[in-house]
Asks: 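Can you read through this structure? Questions will come right after.
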Amino acid sequence: MKHLRSISELGSEGLHRILQLTENMAEINSRPVPKVPALRGKTVVSLFFEDSTRTRLSFETAAKRLSAETMTFSVSTSSVNKGESLRDTIETITDMGVHAFVVRHKSVGVPWQIAQWTNASIVNAGDGAHQHPTQALVDCYTVREALGTKDLSGIHLTIVGDIKHSRVARSNIQAFSMLGAKITLVAPPTLLPVNVDHWPVTVSNDLDSVLDKTDVLYMLRLQSERMAQGLVPSLHEYSTRFGLDDERVAKLPSRSVVMHPGPMNRGVEMLIDPSEIPNSLIHRQVTNGVSVRMAVLFDLLSAEELS
Ligand code: NCD
């Protein structure tokens with residue numbers, strides 16, 4: 001595999017391979033010194049044109065644990081502010097000798113465009129509302145770990161909230177479908193994409209009616225920074241209809257798990273403190289993010305066996 005830009009590019013075989021490799025990486029991360037020489041001599045650049053906390057830091061941690069060199073590109077202090085183009089930026093960094101770009105950008109398709117200007121591998125850390133494949137890998141791995149099974153066929157995944165603007169939802173729908181999950185989307189019509197009829201999902205606008213059939217409840221952040229105009233009448237109404245509170249948590253079957261990719265909007269989609277949710281996987285998602293990104297970087301950059 002040369003690049004990881006979307007779940008469809010990864011394919012079912014690649015998805016299973018990365019999930020398997022993540023188990024090896026999790027074992028490394030459980031050691032007193034979680035570091036192996038696997039990617040010594042490789043350089044990974046993180047190129048984030050959009051804000052990030054967990055994705056950028058987990059990629060950088062992952063690269064370091066595999067002994068790769070890391071470079072961090074900070075847009076706000078770079079020559080982008082002097083008008084340097086994306087192409088010139090990529091070619092300049094490539095000239096320094098790098099093996100992988102981890103890129104996040106507000107425009108859909110940037111990871112594919114960049115691949116034409118460099119020989120390095122490209123990992124998509126989020127392009128607009130399009131794809132965020134490593135988040136989906138994290139989520140599939142975390143559900144398999146929590147449910148104690150590699151077989152997710154037939155499980156009921158309910159994704160709630162701002163589907164329209166969510167690259168996490170798009171990547172997760174593809175990945176969980178490949179693993180055989182049954183997916184329900186719950187959102188107001190204004191926060192659903194126009195082509196949702198063609199997606200392998202069921203759509204509902206009544207959260208309470210689907211809770212008792214849900215194995216995995218996946219809450220999404222309301223992405224106000226991507227909203228051109230008020231797509232919800234009021235935050236209060238949105239929270240009342242689509243927010244997760246203690247009453248809704250109580251309606252979930254006892255085996256159900258709750259997830260959120262972060263960052264959370266407390267008081268909007270999350271009306272309960274996650275520490276009060278019995279089966280919250282929100283912390284496991286962050287922890288597993290490092291192991292998954294180690295697996296991805298290793299798969300892309302290593303020609304050798306893991307030692
Ligand atoms: C998400 C993103 O940036 O796509 N966050 C993340 O990577 N964990 C989701 C979001 O911003 O709502």
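Counting starts at 1 for both ligands and their atoms, following the listed order. No hydrogens, no waters, no symmetry mates; every other heavy atom, side chains included, goes into these values.
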Asks: Taking all heavy atoms of Q135 and all of R293, pick out the closest pair and write down the distance.
Replies: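 Smallest heavy-atom distance, with atoms named: N-NH2, 3.8 Å.
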Asks: For ligand 1, list the protein residues that place a heavy atom within a distance below 4.0 Å of one of its atoms, sorted by chain and number.
Replies: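 Answer by chain and number: R54, T55, R104, H132, Q135, R167, V168, R221, Q223, P261, G262, P263.
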Asks: List the residues meeting side chain to side chain donor-acceptor pair (under 3.5 Å) with E237, not counting sequence neighbours, and say none if there are none.
Replies: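 For E237, no residue satisfies side chain to side chain donor-acceptor pair (under 3.5 Å) once neighbours in sequence are set aside.
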Asks: So, H165 and D162: side-chain donor and acceptor under 3.5 Å apart, yes or no?
Replies: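 Yes, a side-chain donor-acceptor pair sits under 3.5 Å.
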Asks: Among all residues two or more places apart in sequence or in another chain, which pass the side-chain contact (heavy atoms from CB on, under 4.5 Å) test with T118?
Replies: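 Here the qualifying residues are I90, T94, F101, I114, A120, I122.
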Asks: Exactly one of H283, H260, R266 should register a side-chain contact (heavy atoms from CB on, under 4.5 Å) with P274. Which one does?
Replies: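 So, applying the side-chain contact (heavy atoms from CB on, under 4.5 Å) to P274 and each of H283, H260, R266, only R266 qualifies.
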Asks: According to side-chain contact (heavy atoms from CB on, under 4.5 Å), who are the partners of T214, at least two apart in sequence or on a separate chain?
Replies: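 Applying side-chain contact (heavy atoms from CB on, under 4.5 Å) to T214 gives T158, V210, L217, L252.
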